[in-house]
K.L.:
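Would you mind keeping the following structure in view while I ask a few things?
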Amino acid sequence: MIYRPCSWMLPVLAAIVLGNVNYASVMAAESSSAEEAIVTNAGKDELPFSQLPEPFVEQTPRNESAKNRLRLTTLLTKARLQDHRGDVAGALETYQRAYRLSPGSATILQEIVRLGFLLQRNEIASRYAILLAENQNTMTADAVQRVAQYCLEDGQTERAIQLYERALALLKKEGAHTQALGIHFRLLSIYQSHDEPKMAARHAGEVAKMIGDPDKFDLDAVVEQFSNGGLRSTYEKLGDVYLQADQPDKAAEMFAKGEEIDSSPENHLIHSAKVLVARKDWAGAQSKLEEYLNADHRVAGQEPYSLLLQVRQQMADSPAKAQVEVIDRLQKIHDDSPDFAPLAYFLTSLYAQQEAWDNVIAVSAPLIEQESDADALNHLCRAYIAKSDWSSLVSLLATSLDGNYNLDTIAEPLQKLIDDQKKWNQLATYLKSLTPADRSLNERIGVSRLYQLAEQSDPAWSWAEAAFPDLDNQEEARFLMQFGLQAFRGDQEAIAEKAFRAAIRLGLPKSQTSLFYFYLATTLEMQDKTSDALRTAKRAALLDEESALLRSRIPWTLYHAGRSEEALKEYRTLLEKFADDFENQQTRQVLRDAKRLLSVIAGQQDNLPQATEWLEQILDEFPDDTGAMNDLGYLWIDHETNLGRGFAMIQKAVAAEPENYAYLDSLGWAYFRLGQYQEAVSTLEHAAKLADGKDGTVFDHLGDAYLALGKKEKAIASWQQATGVLQDEADAAILTQVEAKLKTHT
């Protein structure tokens, strides 16, 4: 029989669910109600309270879908009760958990967004607002537009585009032309920057139509706000968009309208030349460009020279001949105006293609310090290396330093120099002959950074030390930060340690010193100096007790040192301290990483419920975290539970990052668990190719899939590959399993 509680027990059960009744009150209620029952039933058959109810036995076990529906119902009931009792935070968390059981539910999403904003957890509310906007068609245009703007600022361009397009359709229905014009402009720019010229041109057409007939669209006031120059530049932008979409006639129309509004003959010559190039009217384009050059116009930067080269390459007998002709033509102009950098640097690029290094130097070197240009710096660097002009190269290092004392602009030719042993030895000999104190400050820093690129830490540090006396504390700290981080990235932990310790000795404010302690702790731990690393990490945390980032280095150090139980306690302390800080987004990211590692630790301890719970908590707050989706899906699949949900999560992760071999490995393993062995093999083969021999687990899974298809030899070969990788990875548990498979099948 089915057990049903009598009426006097319902309030008690509700109270237990709500959690506001203690054990004593429950017992008192039971006693009182029992006495009433005895009086009421006097003279009747005794009620069988002393008998246990028969257990409910399901005739057919629930499948995963039925279990999910039951779980969803339970969660929704709980969330409503929590909300009703004023436990807003609890209700929010329960709705977040429920959402993944019913993805796309507008009702659940509305509750999450409402509660999120009510609790001022605005980032969480905004993330779910995106999902709501994507799954609900009743949102206002203004709301959709605001969500789209959030997506754009958050780097989610594809989602932003879809939402802006939806907002645009709604605004047009409402006749809100001013807002619609703004969105057309926004979409035009987005499509243009993402190299989708046809889509950009579609919106360019709408903009042209609207600003061309402002009366019709009630845009007079908006268009009047444009100055003549502003309206002209708008038409020029539309013309360029049409050219990119290979629609020269429409481009010509836009350029002509711009010229009508605010005449600029020199610009119009270039626009006309571009249209003629698009029409493949090479002679006409050359005529316009010659007119521009003869008038010595300088309004269009390097574009006229690039167009001239393109035209001559179409008209001359060969590209090489065309290049010579253009060089001759432009060199004459340069001789008359040697200080015009756009022309000088365009000529430099042509000379560099010919490896005419003397000309590269003669044309660009006089201008490079006053008007730096990335391409020109690269060409000059190549020229000095080719000519073994080491003195000039050292000066160029100083010129090429960016605001963070890096040489990124000329990193490519410098790396080729380093790889050329003969050339590098020549330079190294020259550098040894120099006295750092005799060089300029930026030259000292430049040489130091060059040695770092060459992974020669001792001379790098010597040249760096020579720069310190001429730097104030703040600049020295900035330099040491970049120097230390570069050393760390280059696996030069000892020299990184020197840099961070030197920065700490500067006596900077606590906020800066604490960060150097943070990096120093990391560097020490990577050298297996765990005791020193822990002391340093604790010192960093003490300098700023409100920083979750600094505090997180303590458990990370313990985890890296293999002290998982201690790391577990410290991570829990970290979570407890900062759990309610939803305003600092860095803190939220730190806690997300902490939960990810806690899941790993739980997995290592074979605690599946806890491992999955940490990942669930990440997804509660970050519903689009593909890493957490993959990890949770894999845990479920590997333990053969929640196969449907796990498979869907992994598929979503793979869709977001189709070349991520770890996600593909999870997908292949999911196919294997679902008995789809052919799909498993093809997916795992792709994953193994992308992994490039770096992950033994992929080969282990592939071996299992091969065996399931009866391909025993391939399975054995794959397992043998896995053993080699796993030995390098020092993954004893999986290695033992793979060796057992090999023993069984060979």
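What you see is a predicted model; the values in this text were computed from it and never measured.
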K.L.:
May I ask you to check whether Gln192 and His203 show a side-chain donor-acceptor distance below 3.5 Å?
P.N.:
no
K.L.:
Quick one: does Val241's side chain get under 4.5 Å of Tyr191's, heavy atoms only?
P.N.:
no
K.L.:
May I ask you to say whether Arg232 pairs ionically with Glu259, meaning some side-chain N is under 4.0 Å from a carboxylate O?
P.N.:
yes
K.L.:
Would you confirm whether Asn404, through its side chain, and Asn406, through its main-chain N or O, come within 3.5 Å as a donor-acceptor pair?
P.N.:
no
K.L.:
So, taking the atom named CD in Gln247 and the one named NZ in Lys250, what distance separates them when rounded to the nearest 0.5 Å?
P.N.:
5.0 Å
K.L.:
Hydrogens and angles aside, do Asp240 and Gln244 bring a side-chain donor and acceptor to less than 3.5 Å of each other?
P.N.:
no
K.L.:
Would you find more than 12 non-hydrogen atoms of other residues, nucleotides or ligands less than 6.0 Å from Gln589 atom CD?
P.N.:
yes
K.L.:
Pick from Lys423, Gln421, Lys422: which one makes a side chain to side chain donor-acceptor pair (under 3.5 Å) with Asn425?
P.N.:
Gln421
K.L.:
Donor-acceptor pair, distance only, cut-off 3.5 Å: does the side chain of Ser433 make one with the backbone of Tyr430?
P.N.:
yes
K.L.:
Hey, is the main chain of Asp458 close enough, under 3.5 Å, to the side chain of Ser462 for a donor-acceptor pair?
P.N.:
yes
K.L.:
Output the distance between atom OH (Tyr663) and atom CG (Leu690), rounded to the nearest 0.5 Å.
P.N.:
13.5 Å
K.L.:
Compute whether any side-chain donor of one residue and acceptor of the other, for Gln145 and Tyr150, lie under 3.5 angstrom apart.
P.N.:
no
K.L.:
Would you check if Tyr345 and Ile368 make a side-chain contact, meaning some heavy-atom pair closer than 4.5 Å?
P.N.:
yes
K.L.:
So, for Trp461 and Phe468, is the gap between ring centers shorter than 6.0 Å?
P.N.:
yes
K.L.:
State, to 0.1 Å, how close Val299 and Asn267 come at their nearest heavy-atom pair, and which atoms those are.
P.N.:
CG2-OD1, 3.5 Å
K.L.:
Looking at OG of Ser457 and CG of Asp491, how far apart are the two atoms once the value is rounded to the nearest 0.5 Å?
P.N.:
11.5 Å
K.L.:
Shortest non-hydrogen contact from Leu171 to Ala180?
P.N.:
CD1-N, 4.0 Å
K.L.:
Under a 4.0 Å threshold between the charged nitrogen and the carboxylate oxygen, would Asp246 count as salt-bridged to Lys198?
P.N.:
no
K.L.:
Working to the nearest 0.5 Å, report the span between CD1 of Ile270 and NE2 of His268.
P.N.:
11.5 Å
K.L.:
Does Thr409 offer a backbone N or O that forms a donor-acceptor pair with the side chain of Asn378 under 3.5 Å?
P.N.:
yes
K.L.:
Does Thr234 use its side chain to pair, donor to acceptor, with the backbone of Gly230 at less than 3.5 Å?
P.N.:
yes
K.L.:
In terms of relative ring orientation, are Phe340 and Tyr305 parallel, tilted or perpendicular, with 30° and 60° separating the classes?
P.N.:
perpendicular
K.L.:
Starting from the C-alpha separation in whole Å, work towards a yes-or-no answer on salt bridge (Lys or Arg N to Asp or Glu O under 4.0 Å) for Asp336 and Lys332.
P.N.:
CA-CA 7 Å; Asp336 293 333; Lys332 292 174 183 176; over 6 Å; no
K.L.:
Given side chain to side chain donor-acceptor pair (under 3.5 Å), test Gln323 with Tyr351 step by step and report yes or no.
P.N.:
CA-CA 10 Å; Gln323 191 166 13; Tyr351 283 132; over 6 Å; no
K.L.:
Without swapping roles, check the side chain of Gln452 against the backbone of Phe483 for a donor-acceptor pair under 3.5 Å.
P.N.:
yes
K.L.:
Show your reasoning for whether side-chain contact (heavy atoms from CB on, under 4.5 Å) applies to Phe346 and Ser306.
P.N.:
CA-CA 8 Å; Phe346 186 79; Ser306 178; 4.0 Å; yes
K.L.:
Please report the C-alpha distance between Gln314 and Lys280 in whole Å, then the side-chain angles of each, then the deciding distance to 0.1 Å, and finally whether the side chain to side chain donor-acceptor pair (under 3.5 Å) criterion is met.
P.N.:
CA-CA 9 Å; Gln314 294 295 327; Lys280 296 181 172 53; over 6 Å; no
K.L.:
Kindly give the heavy-atom pair with the smallest separation between Leu407 and Gly446, and that separation in Å.
P.N.:
CD1-O, 3.7 Å
K.L.:
Given the rule in the salt bridge (Lys or Arg N to Asp or Glu O under 4.0 Å) test, do Lys257 and Glu260 qualify, once you have shown the distances and angles that lead to the verdict?
P.N.:
CA-CA 5 Å; Lys257 286 185 177 181; Glu260 289 173 11; over 6 Å; no
K.L.:
Is there a donor-acceptor pair under 3.5 Å between the side chain of Ser189 and the backbone N or O of Phe185?
P.N.:
yes
K.L.:
I'd like to know if the side chain of His334 reaches the main chain of Leu330, judged simply by a donor and an acceptor atom lying under 3.5 Å from each other, with no hydrogens or angles considered.
P.N.:
no
K.L.:
List the atom of Ala352, the atom of His379, and the distance in Å for their closest heavy-atom pair.
P.N.:
CB-ND1, 3.5 Å
K.L.:
Of all the heavy-atom pairs spanning Ala691 and Tyr661, show the shortest one and how long it is.
P.N.:
CB-CD1, 3.5 Å
K.L.:
Decide yes or no for Leu397 and Ile410: does some side-chain heavy atom of the first lie under 4.5 Å from some side-chain heavy atom of the second?
P.N.:
yes
K.L.:
Output yes when Glu206 and Lys209 qualify as a salt bridge under the 4.0 Å nitrogen-oxygen rule, no when they do not.
P.N.:
yes
K.L.:
Classify the ring geometry of Phe479 against Tyr405: parallel below 30°, tilted from 30° to 60°, perpendicular beyond 60°.
P.N.:
perpendicular
K.L.:
List the steps and the verdict of side-chain contact (heavy atoms from CB on, under 4.5 Å) for Arg159 and Ile130.
P.N.:
CA-CA 8 Å; Arg159 298 176 95 169; Ile130 296 171; 3.5 Å; yes
K.L.:
In terms of side-chain heavy atoms, does Gln474 have a donor or acceptor partner in Asp472 at a distance below 3.5 Å?
P.N.:
no
K.L.:
Would you say CD of Glu465 has more than 12 non-hydrogen atoms from neighbouring residues, nucleotides or ligands within 6.0 angstrom?
P.N.:
yes
K.L.:
Counting neighbours of NZ on Lys288 that are heavy atoms of other residues, nucleotides or ligands and sit closer than 6.0 Å, is the number greater than 12?
P.N.:
no
K.L.:
Roughly how far, to the nearest 0.5 Å, is the OG1 atom of Thr683 from the NE2 atom of His686?
P.N.:
8.5 Å
K.L.:
Donor-acceptor check, side chain of Asp154 to backbone of Gln156, threshold 3.5 angstrom: yes or no?
P.N.:
no
K.L.:
Go through it in stages, so that I can follow the logic: the residues are Arg186 and Gln149, the test is side chain to side chain donor-acceptor pair (under 3.5 Å), and I'd like the CA-CA distance, side-chain angles, deciding distance and then a yes or no.
P.N.:
CA-CA 10 Å; Arg186 178 64 57 83; Gln149 180 64 27; 2.5 Å; yes
K.L.:
Excluding sequence neighbours, so at least two apart, what forms side chain to side chain donor-acceptor pair (under 3.5 Å) with Tyr451?
P.N.:
none
K.L.:
Does anything in residues 384-411 form a salt bridge (charged side-chain N to carboxylate O under 4.0 Å, His left out)? List the pairs, not counting sequence neighbours.
P.N.:
Asp358-Lys387
K.L.:
Assess whether a salt bridge exists between Arg298 and Glu266, defined as any Lys/Arg side-chain N lying under 4.0 Å from an Asp/Glu carboxylate O.
P.N.:
no
K.L.:
Between Tyr292 (side chain) and Ala300 (backbone), is there a donor-acceptor pair under 3.5 Å?
P.N.:
yes
K.L.:
If the threshold is 4.0 Å, N to carboxylate O, is there a salt bridge linking Glu290 and Arg329?
P.N.:
yes
K.L.:
For a side chain to side chain donor-acceptor pair (under 3.5 Å) check, start with the C-alpha distance between Glu134 and Gln162, then their side-chain angles and the critical distance, and finish with the verdict.
P.N.:
CA-CA 9 Å; Glu134 292 173 336; Gln162 294 175 9; over 6 Å; no
K.L.:
Are any of the side-chain nitrogens in Lys416 or Asp420 under 4.0 Å away from the carboxylate oxygens of its partner?
P.N.:
no
K.L.:
Quick one: do Val394 and Leu431 satisfy side-chain contact (heavy atoms from CB on, under 4.5 Å)? Show the steps, please.
P.N.:
CA-CA 9 Å; Val394 169; Leu431 293 175; 3.9 Å; yes
K.L.:
Taking side chain as C-beta onward, heavy atoms only, is Lys652 less than 4.5 Å from Asp624?
P.N.:
yes
K.L.:
Enter the distance from Ser364:OG to Leu380:CG here, rounded to the nearest 0.5 Å.
P.N.:
3.5 Å
